[in-house]
Protein chains: 2
Amino acid sequence: MAAVAGKALGDSAFSAPGQRGTRQRRVIREWLGTSAAFVSAQQVREGIAAKGDAVGLTTVYRTLQALADAGEVDVLRTDTGEALYRKCGTGHHHHLTCRSCELTIELAGPPSVEKWSQSTADEFGFNDVQHVIELSGTCSNCR
Amino acid sequence: MAAVAGKALGDSAFSAPGQRGTRQRRVIREWLGTSAAFVSAQQVREGIAAKGDAVGLTTVYRTLQALADAGEVDVLRTDTGEALYRKCGTGHHHHLTCRSCELTIELAGPPSVEKWSQSTADEFGFNDVQHVIELSGTCSNCR
DNA sequence: ATTGACAATGACAACCGTTTTCACTTAGAG
DNA sequence: CTCTAAGTGAAAACGGTTGTCATTGTCAAT
């Protein structure tokens, strides 16, 4: 149910068996690539509409979810529960976000967390640990 | 806007000017104290109802929010956007949560993060940094 | 003890992001 | 070209949360 096959199939995602290449998916992925910030599903739709393309909100939600499942985008929740998406660079990283303007900076984690999280997991008998670190503060502009 | 004054006022919260001591608030705080896990607003209400007390859902939401603002409870969001609350121990801490059963363990942070987050914030010109670390994994029971 | 002002409550409706439904369209294999 | 299952999207459903507003309760002042 959850897991999508998604093997290595060249560099074009959505080539998994039973997945079709449609205009909508192409447009959404392209648009995401141009945005550096975290955006909501609605913003994606608006951004695309502003370019003259139209994609149904339902499709935006479904596509973003698929991208998230495939690990192509990061997802995070605002404190109102809204989901924000962002095309993520390769590899593991964390975020420093301005509480006022939402400016987000991608960070490498502190060198020691990997070890710490693993040993903590071991200590409590947990497997497959993942860690998320979010820093928030007030950026120089919003000071 | 974010920061709440919350001075030392003895050990009774809800003593801020213009705040009254009501049955509902007492009951909610008491019930929270008996639950070690993260719970939703609805669960709080049900738990209280099961004890024979009745509190309106609206009041539960408002009270939990007030407690969260006052720093008396931790808030986190499930991946469905639902808010979960938990009476937190004193001081700063993090969580290790089982992705399957939601079992949550309270952790002290790795020793170096404080320094790291401060220096990272400095580097990017951010003030008032806060950090959140969430570890997730599969606990031994859910293996 | 009584009063009165205003905080608090709670049933209910509104909100809003997200998901489901379902009839219609379309990509792409044969 | 044809066929079929995947994809689409408008609209409705959903579910957690927040707003509304008439009523109730607290507590300081009397």
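Protein chains get the first letters and strands the later ones, always in sequence-line order, with residue 1 at the start of each.
For T58(B) and dC12(C), a side-chain-to-base donor-acceptor distance below 3.5 Å is present, hydrogens and geometry of angles not being considered. Side-chain to base pairing of R20(B) with dA8(C): no donor and acceptor N or O lie closer than 3.5 Å to each other. Side-chain N/O atoms of R62(B) and base N/O atoms of dG19(D) include no donor-acceptor pair closer than 3.5 Å.
In this structure, H94(B) and H131(B) have tilted ring planes: the angle between them lies in the 30° to 60° band.
If you measure from atom CG of L57(A) to atom P of dC14(D), you get 19 Å, rounded to the nearest angstrom. Atom CZ in R45(A) sits roughly 9 Å away from atom C1' in dG9(D) (whole-Å rounding). Atom pair L67(A):CG and dG7(D):P shows a separation of 13 Å (rounding to whole Å applied).
Side-chain N/O atoms of Q24(A) include none lying less than 4.0 angstrom from OP1 or OP2 on dT26(C). Under 4.0 angstrom from either OP1 or OP2 of dT9(C) there lies at least one side-chain N or O belonging to R25(B).
Residue contacts shown for T22(A) are limited to sugar-phosphate atoms, with no base heavy atom under 4.0 Å away.
Taking OG from S40(A) and CD from E46(A), the interatomic distance works out to 7.0 Å, rounded to the nearest 0.5 Å.
Using modelled atom types, one finds no donor on one side chain facing an acceptor on the other under 3.5 Å when comparing D69(B) with Q65(B).
Where R26(B) and Y85(B) each meet DNA chain D at their nearest nucleotide, the meeting point lying more 5' is that of Y85(B).
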